[in-house]
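Whatever order the structure lists ligands and atoms in, that order sets their numbers, starting from 1.
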Amino acid sequence: MEKRYAIGVDYGTESGRALLVDIATGEEVATHVTPYPHGVIDETLPGTGRKLEHDWALQHPEDYLEVLRRSIPEVLRASGVSPERVIGIGIDFTACTMMPLDAAGTPLCLVGNWKDNPHSWVKLWKHHAAQEEANLINAKAGERGELFLARYGGRLSSEWMLPKALQILNEAPDIYAEADCFMEAADWVIMQMTGSFVRSSCTAGYKGTWHKRDGFPSDAFLASLDERFKDFATEKLRGPILPLGAKAGELNEQMAALTGLEPGTAVAVGNVDAHAMVPAVGVVTPGKLVLAMGTSTCHLLLSDKEVHAEGIAGVVEDGIVAGYYGYEAGQSAVGDIFAWYVNESVPAYVQQHAKEEGIGVHEWLERRAAQQKPGESGLLALDWWNGNRSVLMDSDLTGVMVGMTLQTKPEEIYRALLEATAFGTRKIIEAFQDGGVQVDELYACGGLPQRNRLLMQIYADVTGREIRIADSTQTAALGAAMFGAVAAGVEAGGYDSVADAAKNMARVREESFKPMAKNVETYNALYEEYVKLHDYFGRGGNDIMKRLKALKSG
Ligand SMILES: Nc1ncnc2c1ncn2[C@@H]1O[C@H](COP(=O)(O)OP(=O)(O)O)[C@@H](O)[C@H]1O
Ligand SMILES: O=C(CO)[C@H](O)[C@H](O)COP(=O)(O)O
């Protein structure tokens, strides 16, 4: 039988990439990355020069279509695969990455003069300027005993849909009123590809506070936040919500012309980037925690029971793999913290040495840092450079580094930052375990595990567990392609379920990272100190981070 292929498109923070995969084997035949022409918009609004406030992060919706326009023809060209052999497409996206649309489905930032107001643009997942709204939602939901709150670890993140939309209502009521609806970028791109106005159970569940049986938070609750917000769910989040693995529709003529694919190709319901990675590392059963490590880290776990505990950013039935409760927790910055250090803080001599040795600054720092023993630098950091998403759910928290002296070296700081993120992950694992959700095995995927061996050894040592690594550098795109194959269905040469797709298409590497006993011991001691710092700054011992932030905002 002739080979069949699927394409996965992974929409990350800085770029989107397409991956063409052999459906029978999971072989990754061709890949292409398109950097977003406008990148992350966090300083000035395009075309206006208007300065954005602290904690804003926007994107340009046309950049998403640019990824389809450039990367799909390129994977077809590079692979030589003819379009009719591509039977399904799936996409995954950062989330909650949301936008207001007009009645024709056009983002308001592309309509008339709305572009001059930053609230008309796409709010990227890491837009952190809705913390006040998140605080209000959490306080009101707590007072009213709203049941939904427990499914989100007792606190909604400011990154999620409700706080972001409420911020628009508060600061730009005209845009809120003008918006016919709000949509996750994942669902919007699917609408562009197929013409189908459908939402994904994954984006709706984790980011939109939707529940399979209870639906969205009630009108009464929404009205308690602001009378004008009463109809938010029924009107502005309206539309059918389809489960993962379902077909959203078929590629329309316009998108077929844009991408070079056949009209009628099956298109899967949109997925979230981290969630798509779970089946792509072969995880389709409970107890295996997947660390999706990139700009941020998401921690994903399947279970056959629903429990509510602090530290769980969301639990959604069928939210990752049908038939299980899917749990998510996360750290809002991981790779981004290392990027901050490399881009903003290393001395010129480090860059010079790296250049002379023909390696990148990350690699140079990693090599030096690998020569140190745990605890040797006397440094300890908190991993809150972009707030805390689990377990404290507070984007007003900031970074800390304790123990610096005149002798402190850049590689020591780099290592302390790697360790801080590992401690943050251990805290999350403990939160799952303490909450009664079993974690038996660890799997790592995303951009970081393949790039930084020291980081992975530190994670094994800090958690005291073996870590298996995905065999793909494009795990999210592979997962998206798997869902594309499921949308196409077994009759077209695809699969009936993502579990079946995972049997043939998912892979982990032979090599794993195992904890080293001596390191584990030192890290246990350092972790105790981390927990003390964490609770002191994060649980009200000293609110200095919030006071400083308030001063900064003026
Ligand atoms: N060698 C490295 N060591 C540690 N972090 C790195 C290294 N190379 C790149 N990074 C970080 O990895 C992150 C990108 O991860 P990736 O998974 O590719 O992207 P995304 O999360 O946007 O999909 C960036 O934050 C970057 O700074
Ligand atoms: O919250 C998310 C998933 O649930 C975001 O999409 C994620 O944190 C951003 O992903 P990345 O670090 O891969 O850019």
Side-chain angles (χ1 to χ4, degrees), residues 9-17 31 33 35-36 39-40 57 59 92-98 123-128 152 157-161 164 184-186 200 202-203 205-208 270-278 290-300 313-314 316 319-320 326-344 354 359-367 369-370 385-387 389-390 393 395 414-415 417-418 421-422 444-456 458-459 470 472-477 479-480:
V9 184
D10 166 40
Y11 285 95
T13 300
E14 308 276 349
S15 61
R17 66 214 80 180
T31 181
V33 179
Y36 299 139
V40 175
Q59 279 187 330
D92 67 84
F93 232 104
T94 66
C96 168
T97 295
M98 54 79 85
K123 284 191 169 59
L124 181 60
W125 66 273
K126 65 176 178 175
H127 174 89
H128 276 166
Y152 299 87
S157 164
S158 71
E159 288 177 18
W160 293 179
M161 176 67 90
K164 280 175 168 151
E184 284 276 353
S200 148
C202 181
T203 53
Y206 288 100
K207 314 300 173 179
N271 207 337
V272 176
D273 49 4
H275 301 60
M277 295 193 206
V278 176
V290 177
L291 314 181
M293 303 175 69
T295 306
S296 65
T297 290
C298 291
H299 306 72
L300 292 315
V316 176
I320 302 174
Y327 288 82
E328 176 182 3
Q331 290 164 277
S332 296
V334 173
D336 242 6
I337 303 182
F338 316 143
W340 165 80
Y341 184 59
V342 164
N343 298 335
E344 305 293 339
I359 56 177
V361 174
H362 281 289
E363 287 74 23
W364 192 91
L365 290 166
E366 182 195 347
R367 280 186 197 175
W385 260 248
N386 195 16
R389 198 196 285 167
S390 297
M393 272 295 178
S395 52
Y414 189 73
R415 183 171 177 127
L417 294 173
L418 302 184
T421 67
C445 53
L448 291 187
Q450 318 252 356
R451 290 195 188 119
N452 194 319
R453 295 182 64 81
L454 173 64
L455 179 72
M456 296 325 297
I458 289 173
Y459 272 59
S472 170
T473 48
Q474 311 283 355
T475 326

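Under a 3.5 Å cut-off, the side chain of Glu344 and the backbone N or O of Tyr341 do not form any donor-acceptor pair. Between the side chain of Gln474 and the main chain of Gly446, no donor-acceptor pair closer than 3.5 Å is present. Using modelled atom types, no side-chain atom of Arg389 and backbone atom of Ser332 make a donor-acceptor pair closer than 3.5 Å. Using a distance-only test at 3.5 Å, with no hydrogens or angles considered, a donor-acceptor pair links the side chain of Ser390 to the main chain of Gly330. Here the side chain of Glu366 pairs no donor or acceptor atom with the backbone of Asn452 at under 3.5 angstrom.
Shortest contact from atom 13 (O) of ligand 2 to any protein heavy atom: Asp273 OD2, 3.3 Å. For atom 14 (O) of ligand 2, the closest heavy atom belonging to the protein is Thr13 OG1, 2.6 Å.
For Lys126, no heavy-atom contact with ligand 2 is shorter than 4.0 Å. Counting heavy atoms under 4.0 Å from ligand 1, residue His362 touches it through the side chain alone. The proximity of Ser296 to ligand 2, defined as any non-hydrogen pair under 4.0 Å, involves the side chain as well as the backbone. Looking at Glu366 against ligand 1, nothing comes within 4.0 Å, counting heavy atoms. At a heavy-atom distance under 4.0 Å, only side-chain atoms of Asn452, from C-beta outward, approach ligand 1.
Close approach of ligand 2 to Thr295 is summarised as follows: ligand atoms under 4.0 Å from at least one heavy atom of the residue are 12 (O), 14 (O). Applying the 4.0 Å criterion to heavy atoms of Val272 picks out, from ligand 2, the atoms 3 (C), 4 (O). The contact set between ligand 2 and His275, taken as ligand atoms under 4.0 Å from a residue heavy atom, comprises 4 (O). Close approach to Ala95 involves these atoms of ligand 2, each under 4.0 Å from a residue heavy atom: 1 (O), 2 (C), 3 (C), 5 (C), 6 (O). Near Thr94, the atoms of ligand 2 lying under 4.0 angstrom from a non-hydrogen atom of the residue are 6 (O), 14 (O). Here is the list of ligand 2 atoms found below 4.0 Å of a heavy atom in Glu328: 1 (O), 3 (C), 4 (O). Close contacts between ligand 1 and Asp336 involve ligand atoms 25 (O) [criterion: under 4.0 Å to a heavy atom].
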(request) Output, in order, the C-alpha distance, side-chain angles, deciding distance and verdict of salt bridge (charged side-chain N to carboxylate O under 4.0 Å, His left out) for Glu328 and Lys207. (result) CA-CA 11 Å; Glu328 176 182 3; Lys207 314 300 173 179; 3.1 Å; yes
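Residue contacts with ligand 2 include Arg389, since one or more of its heavy atoms lies under 4.0 Å from the ligand. Not a single heavy atom of Tyr206 sits closer than 4.0 Å to an atom of ligand 2. Under the 4.0 angstrom criterion for non-hydrogen atoms, Trp340 is not in contact with ligand 1. Heavy-atom distances between Gly330 and ligand 2 stay at or above 4.0 Å for every pair. Residue Lys207 places a heavy atom less than 4.0 Å from ligand 2. Ligand 2 is never approached by Gly12 to a heavy-atom distance shorter than 4.0 Å.
Using bins of under 30°, 30° to 60° and over 60° for the plane-to-plane angle, the ring pair Tyr11/Tyr36 lands in the parallel bin.
Between Gly335 and ligand 1, at least one pair of N/O atoms sits closer than 3.5 Å. In terms of N/O distances under 3.5 Å, ligand 1 is not approached by Glu14. At under 3.5 Å, a nitrogen or oxygen of Gly447, whether backbone or side chain, sits near a nitrogen or oxygen of ligand 1.
Between Tyr414 and Val342, the closest side-chain pair of non-hydrogen atoms falls below 4.5 Å.
Separation of atoms CD (Glu184) and OG1 (Thr203) is listed at 5.0 Å; rounding is to 0.5 Å.
Checking His127 against Glu159 by side-chain atom types alone, no donor-acceptor pair falls below 3.5 Å.
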